[in-house]
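For reference, the structure discussed in these notes is given below.
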Amino acid sequence: MAGQEPSRTVLEGPERAPNRSLFYAMGYTEEELNRPLVGVVSAYSEIVPGHQHLDKLAQAVMDGVRLAGGTPILVPAIGVCDGITMGHAGMRYSLPSRELIADSVETMALAHGFDGLVLVPNCDKIVPGMAMGAVRINLPTVVLSGGPMLAGRVKDQDVSLSLLFEAVGKNKSGALSDEELEEMSQDACPGCGSCAGMYTANSMNCLMEALGLGLPGNGTIPAVSAARRRLAKTAGMRIMALIKEGVRARDIVSQEALFDALACDMALGCSSNSVLHLLAIANEADLAIDLKDFNAVSEKVPNLCHLAPAGPAHIEELDAAGGIQAVLRELVQTGLLHLDRPMASGKSLGEQIEGAVNKNPAIIRPFEDPYSKTGGLAILFGNIAPNGAVVKRSAVAQEMLVHTGPARVFDGEEEAIQAIYGGKIVPGDVVVIRYEGPTGGPGMREMLNPTSALAGMGLDSSVALITDGRFSGASRGASVGHASPEAAQGGPIALVEEGDRITLDIPAYRIHLEVSDEELETRRQAWQAPPLRVQNGWLSRYARLVSGADQGAVLKG
Ligand SMILES: CC(C)(O)[C@@H](O)C(=O)O
Ligand SMILES: [Mg+2]
């Protein structure tokens, strides 16, 4: 082996005999220690359905590393299940866990001298967290995600988590019995994998494929498929080639790659959380991108897919239609893609997508016949969110693209959900849920219960919602999140009063509080910052260190 690899610093020479002895203590042979050491970072656990099979995939990755002459070393990462944390205080840990994951990738890799990494994540924060850690330390890296769950079958219909969350709203309004709801909860999620729609986990796994850290198929091959295990072995083999060629994470995650991923995001109609995560990955890779870039790309890239929650199809159908490679192939016609950039596959983007075929134009609309000429996400600006707010416009009912209505103000998710379930929200209202931002929450909880309750109660085509918190990828409707600056930092969303009129104009990228500047100034003078909601533990540290959502909610130096 060459000699410059980090593992040589840990293992070579007489003075490293004690270090070697500890490897021998684990059963490694001399032969194994003479090979590159590949950290296989697995988020396997038995609390996340998206992760309960990652032990098998990590094993397949390790097999691939060995096949190609390396020594795989398995290390763990934590992971939070957003679905299980949804709707209670546990959700405060979800977004912050991304930072813990990034830090632990850095810690395990640099502390032990790994020469390269294969990241084995699957769910929402684990994918960006691991990617952030990898681009921060810039080792050769391949991502092998766990893959999507299959859709469930309920009453002859394909279902997944978004419909189940909405079914709760139906149940509250009396349209669905307790028994039917229970039956649905047993059948909606049929096994391992990341929840089956274009929710956050699958959005991020697809974007890993578009960035190039993930191999073709990474975003869409079902978790239970043998093809996913073969992909895992290939990922193990590919990392050995990247180590040999000296191709590092930042060679792949370049400015060009980031913008190509952004284009793919717009075509797919990814989760609004992808905004936070792409900003955070860019920050770690020292790449320049801001919220205005999202709109610039969104203006030029058509929305080609309406997967759940925007439509009835699930990721397995996107996979059968040709997956992300076919979507990227359609996007060549935008003229925006950087076809010469390198991918972890060893090919350039152009070579990689050359043979890709769109096998189902009902799932991947052809470039000439999109759902809309503009992309899935839009960033809105205005006096209520001067630093921006995010909406998944591809999942907004047509009649809600422009809307004005009275503010119904709630300081936190619990207050809002009680009012919605209690029938206190009526058509026309604009629900404001604040003090749920990165600092105020803390942790920017996902407002999936409120958005699903509105949808399930049939109010998604007449009620808008704005929050400084965020949404699930399963949220739909006129749901505007990440309003920045957040209420806890004195952002204008803190100054809204019950009955104020708010205008949402998505085509104009605008959100406006119909209150005069003078009146807002008077209210600002009277506003006082509330004490931090969480006073001890890691979350209180997080609340003090986190940046705004417009910066990706990353921890400040
Ligand atoms: C539970 C979900 C569907 O994973 C959600 O948290 C998301 O962000 O998509
Ligand atoms: Mg989530």
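Along the sequence shown, residues are numbered consecutively beginning with 1. When reading the values below, keep in mind they use all heavy atoms of this one structure, side chains included, and skip hydrogens, waters and symmetry mates. Counting starts at 1 for both ligands and their atoms, in listed order. Nothing here was measured: the structure is a model prediction, and the numbers come from that model.
No donor-acceptor pair closer than 3.5 Å links the side chain of Arg136 to the backbone N or O of Glu284. The closest donor-acceptor contact from the side chain of Asn218 to the backbone of Ser145 lies under 3.5 Å.
A heavy-atom separation below 4.0 Å is not found between Ser271 and ligand 1.
Contacts with ligand 1 closer than 4.0 Å are made by side-chain heavy atoms of Asn273 only, the backbone lying farther away.
Checked by atom type, the side-chain pair His277/Arg98 shows a donor-acceptor distance below 3.5 Å. In this structure, a donor-acceptor pair under 3.5 Å is present between the side chains of Thr439 and Gln489. Side-chain contact, Tyr199 with Ser194: no donor N or O sits under 3.5 Å from an acceptor N or O.
Near Ser472, with a cut-off below 4.0 Å to any heavy atom, the atoms of ligand 1 are 2 (C), 3 (C), 5 (C), 6 (O), 7 (C), 8 (O), 9 (O). Atom numbering of ligand 1 starts at 1 in the shown order; those under 4.0 Å from a heavy atom of Gly83 are 1 (C). With ligand atoms numbered from 1 in the order given, ligand 1 contributes 9 (O) to contacts under 4.0 Å with heavy atoms of Ala474. Residue-ligand proximity, Leu161 to ligand 1, at heavy-atom distances under 4.0 Å covers atoms 1 (C).
Among Thr85, Thr200, Asp124, the residue whose heavy atom sits closest to atom 4 (O) of ligand 1 is Asp124.
Residue-level check: among N/O/S atoms of Asp124, OD2 sits closest to the Mg ion (ligand 2). Sorting the N, O or S atoms of Asp82 by how far they are from the Mg ion (ligand 2) puts OD2 first. Note on Glu446: its N/O/S atom closest to the Mg ion (ligand 2) is OE2.
The closest protein non-hydrogen atom to atom 6 (O) of ligand 1 is Glu446 OE1, 2.6 Å.
Distance check: Leu95 CG to Glu99 CD gives 6.5 Å after rounding to the nearest 0.5 Å.
At under 3.5 Å, a nitrogen or oxygen of Asp82, whether backbone or side chain, sits near a nitrogen or oxygen of ligand 1. For the pair Met86 and ligand 1, the shortest N or O to N or O distance does not fall below 3.5 Å.
Between Val430 and Leu504 there is no side-chain heavy-atom pair separated by less than 4.5 Å.
Between Lys170 and Glu180 there is no salt bridge, since no side-chain nitrogen of the basic residue lies less than 4.0 Å from a carboxylate oxygen of the acidic one.
Of the residues listed (Leu100, Val80, Asp82, Leu276), the one engaging Lys125 in a side-chain contact (heavy atoms from CB on, under 4.5 Å) is Asp82, and it is the only one.
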